[in-house]
K.L.:
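Sharing a structure here in structure tokens format.
Values below: all heavy atoms of this structure, side chains included; hydrogens, waters and symmetry mates excluded. All residue numbers refer to positions in the sequence shown, counting from 1. Indexing begins at 1, ligand by ligand and atom by atom, following the structure's order. All of these numbers come straight from a predicted model, not from anything done at the bench.
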Amino acid sequence: MPGNKEQGFSAPRGMRDFYPEDMALRNRLFDTWRQAAENFGFKPYDACVVESLELLKRKSGEEIVDQIYHFKDKSNRDLALRPEMTPTLARMVSARQGTLSLPLKWHTIAQCFRYERTTRGRKREHYQWNLDILGEPSVAAEAEILATAVSALEKLGITGTMLRIHFNSRALLSDLLKTVDISEAKHPAIFLALDKRGKIPDEAISELMHKAGLNDDETAKAWRMLDMHTLDDVRQTVPDSPALAQLDEFIRVCASYGFADRLMFDMSVIRGLAYYTGIVFEAFDIKREFRAVFGGGRYDNLLTEIGGQPLSGVGLGFGDVVIAEIINAYLPNDGESRPECDTAIGYMEESQRSAAILLAQKLRSEGDSVDMALAPEKPKKFFTRTGRGSYQKAVYLGPDDIERGSARIKDLASRTETEITLS
Ligand code: HAM
């Protein structure tokens with residue numbers, strides 16, 4: 001318990017400590033995210049984790065607003081730790097709207113804070129890789145965003161047999177609701193209510209819809225919409241829906257990238273955030289054991305709502321918590337004995353230290369990562385310590401090596417040795 005002096009302190013509930021062994025996966029994940037984003041031409045951006053509470057209240061989804069960590073600074077300003085990056089992105093883009101060339105493709109890895117009930121896959125702090133494209137109205141943007149995420153997943157070893165991208169479209173849901181005469185003004189409230197399916201009892205969802213002004217008949221019709229399971233079901237009801245045509249085009253573009261087999265139409269994917277207006281998606285592991293690995297969609301009105309000019313965007317947030325659980329479950333041996341450092345250098349006595357330092361500096365200048373012992377140690381201790389998978393190579397210097405002017409670098413995997421000159 002934090003603050004308990006007898007038992008010692010621990011991290012506040014829902015917050016994580018990252019020990020070096022935890023950093024190995026985190027760094028690999030961040031490197032993979034960054035490489036995939038650069039590979040697809042996304043530019044990096046960043047902002048402070050502290051945001052204006054007003055902006056977040058105006059822009060974050062209703063659900064998130066209740067989870068914001070907020071405080072007053074010493075000048076009585078209402079500030080908060082960001083729960084997501086999208087309002088900040090909208091603020092930054094609208095501030096430079098006239099000068100940015102469109103479409104823009106930006107990415108970032110942002111630490112986010114939400115006061116959530118901590119369960120499997122849910123912490124009160126997480127890192128989230130955000131990919132966003134603004135200024136491209138066609139589904140090419142959705143496909144490009146997902147292709148980038150799929151490429152990162154593949155680099156992490158998560159293949160098409162382990163994960164599916166479930167997609168839907170709020171515009172399509174709107175078209176369906178219009179066929180049963182539910183007015184457009186009520187659609188956002190229906191989306192947010194139905195998105196809570198599985199999280200709260202169905203009666204509570206109906207209650208939310210009643211509160212939003214739906215009568216019993218309309219509530220029943222909204223529920224019935226979820227009985228459609230395939231795009232063909234939908235096609236029979238709204239054959240001429242432009243949103244449906246857009247989904248067909250979306251699938252075609254994803255097929256050109258080669259990942260259409262990972263897509264799955266899913267009526268229950270609606271998303272909890274209010275700002276989505278078009279295609280929405282969430283990725284789940286194939287066994288549906290874990291929460292969403294990533295989620296996102298198209299938002300059309302985000303910028304206008306904070307005073308910018310109309311600009312359509314698509315984006316996703318890919319968190320670090322669920323993906324770690326999926327890697328552990330689906331690739332149990334992943335990361336085992338992955339060397340963290342190229343070369344370990346040890347020595348028997350103080351008198352070999354300067355030769356060890358010279359060798360370490362030479363190898364470092366050539367680009368190797370080198371962990372040089374800070375004190376002499378016995379050969380047995382050195383080779384036991386370095387033989388546990390953390391290093392690729394090891395060099396141990398004794399008085400004979402100094403006399404000969406050379407030493408042997410041992411490849412710890414193949415057990416072969418190469419002679420190197422000491423200078
Ligand atoms: P989100 O669905 O709220 O979307 O979050 C995206 C991802 O962040 C989730 O799928 C999950 O991996 C991770 N995540 C969210 N909350 C937590 C938590 N408490 N603990 C652990 N992981 C979590 C958004 O935030 C949107 N702003 C994404 C977006 C970007 N849409 C457009 N652009």
K.L.:
Any N or O of His126 that comes nearer than 3.5 Å to an N or O of ligand 1?
P.N.:
yes
K.L.:
Salt bridge between Arg298 and Glu142, side-chain N to carboxylate O under 4.0 Å?
P.N.:
yes
K.L.:
In terms of residue, atom name and distance, what is the protein heavy atom nearest to atom 18 (C) of ligand 1?
P.N.:
Arg122 CD, 3.3 Å
K.L.:
Look at atom 31 (N) of ligand 1 and say which protein heavy atom is nearest, naming residue and atom and giving the distance to 0.1 Å.
P.N.:
Tyr276 OH, 2.6 Å
K.L.:
If we only count N/O pairs under 3.5 Å, is Asn130 in contact with ligand 1?
P.N.:
no
K.L.:
For the residue pair Glu51 and Thr88, what are the closest heavy atoms and their distance?
P.N.:
OE2-OG1, 3.0 Å
K.L.:
Taking all non-hydrogen atoms of both residues into account, name the closest pair between Pro83 and Arg114 and its distance.
P.N.:
O-NE, 2.8 Å
K.L.:
Under 3.5 Å between any N/O of Arg124 and any N/O of ligand 1: does that happen in this structure?
P.N.:
no
K.L.:
Any side-chain heavy-atom pair from Val93 and Trp106 closer than 4.5 angstrom?
P.N.:
yes
K.L.:
Give the residue, atom name and distance (to 0.1 Å) of the protein heavy atom nearest atom 24 (C) of ligand 1.
P.N.:
Leu273 CD1, 3.6 Å
K.L.:
Enumerate the atoms of ligand 1 whose separation from the nearest heavy atom of Tyr299 is less than 4.0 angstrom.
P.N.:
32 (C)
K.L.:
Among all protein heavy atoms, pick out the one at the shortest distance from atom 11 (C) of ligand 1; state its residue, atom name and that distance to 0.1 Å.
P.N.:
Ala292 O, 3.8 Å
K.L.:
Would you call Arg120 and Glu325 a salt bridge, taking side-chain N to carboxylate O under 4.0 Å as the test?
P.N.:
no
K.L.:
Considering heavy atoms of the protein only, find what lies nearest to atom 21 (C) of ligand 1 and give residue, atom and distance to 0.1 Å.
P.N.:
Gly121 O, 3.3 Å
K.L.:
Counting heavy atoms only, which of Val322, Val293, Thr119 comes nearest to atom 12 (O) of ligand 1?
P.N.:
Val293
K.L.:
Do Glu249 and Arg252 meet the salt-bridge criterion of a basic N to acidic O distance under 4.0 Å?
P.N.:
yes
K.L.:
Taking 4.0 angstrom as the limit, do Glu366 and Lys362 come out as a salt bridge?
P.N.:
yes
K.L.:
Would you say that Tyr69 contacts Glu125 through its side chain, given a criterion of any heavy-atom pair below 4.5 Å between the two side chains?
P.N.:
no
K.L.:
Output the list of atoms in ligand 1 that are nearer than 4.0 Å to some heavy atom of Glu116, sorted by atom number.
P.N.:
16 (N), 17 (C), 18 (C), 19 (N)
K.L.:
Please confirm whether Gly296 comes within less than 3.5 Å of ligand 1 when only nitrogen or oxygen atoms on both sides are compared.
P.N.:
no
K.L.:
Mind checking whether Met225 and Met267 have side chains closer than 4.5 Å, heavy atoms only?
P.N.:
yes
K.L.:
Does the side chain of His70 reach to within under 4.5 Å of the side chain of Asp78, using non-hydrogen atoms?
P.N.:
no
K.L.:
At under 4.0 Å between heavy atoms, which part of Leu316 makes contact with ligand 1: side chain, backbone, both or neither?
P.N.:
backbone
K.L.:
So with a 6.0 Å cut-off around CZ of Phe290, is the heavy-atom count from everything else above 12?
P.N.:
yes
K.L.:
Identify the protein heavy atom lying closest to atom 28 (C) of ligand 1, giving its residue, its atom name and the separation to 0.1 Å.
P.N.:
Gly317 N, 3.4 Å
K.L.:
What atoms in ligand 1 come closer than 4.0 Å to a heavy atom of Gly295?
P.N.:
10 (O), 28 (C)
K.L.:
When you measure from atom 33 (N) of ligand 1 to every protein heavy atom, which one gives the shortest distance, and what is it?
P.N.:
Asp132 OD2, 2.9 Å
K.L.:
Would you mind telling me if ligand 1 is within reach of the side chain of Trp129, the backbone, both or neither, using heavy atoms under 4.0 Å?
P.N.:
neither
K.L.:
With a 4.0 Å cut-off, would you call Asp232 and Arg235 a salt bridge?
P.N.:
yes
K.L.:
Strictly below 4.0 Å, N to O, side chains only: are Lys393 and Asp368 in salt-bridge contact?
P.N.:
yes
K.L.:
Considering both backbone and side-chain atoms of Val321, is one of its nitrogen or oxygen atoms within less than 3.5 Å of a nitrogen or oxygen in ligand 1?
P.N.:
no
K.L.:
Of the listed options (Phe290, Tyr275, Tyr115), which comes nearest to atom 26 (C) of ligand 1 when hydrogens are ignored and any heavy atom counts?
P.N.:
Tyr275
K.L.:
Does the pair Arg224/Asp227 count as a salt bridge with the N-to-O cut at 4.0 Å?
P.N.:
no
K.L.:
By number and element, which atoms of ligand 1 are closer than 4.0 Å to a non-hydrogen atom of Thr86?
P.N.:
26 (C), 27 (N), 29 (C), 30 (C), 31 (N), 32 (C), 33 (N)
K.L.:
Test of understanding: given a 4.0 Å heavy-atom threshold, classify the contact between Glu84 and ligand 1 as side chain, backbone, both, or neither.
P.N.:
side chain
K.L.:
I need the nearest protein heavy-atom contact for atom 8 (O) of ligand 1: residue, atom name and distance, please.
P.N.:
Gln128 NE2, 3.1 Å
K.L.:
Looking at ligand 1, is there an atom of it that comes within less than 4.0 Å of some heavy atom belonging to Arg271?
P.N.:
yes
K.L.:
Closer than 4.0 Å to some heavy atom of Phe294 - which atoms of ligand 1 meet that?
P.N.:
10 (O)
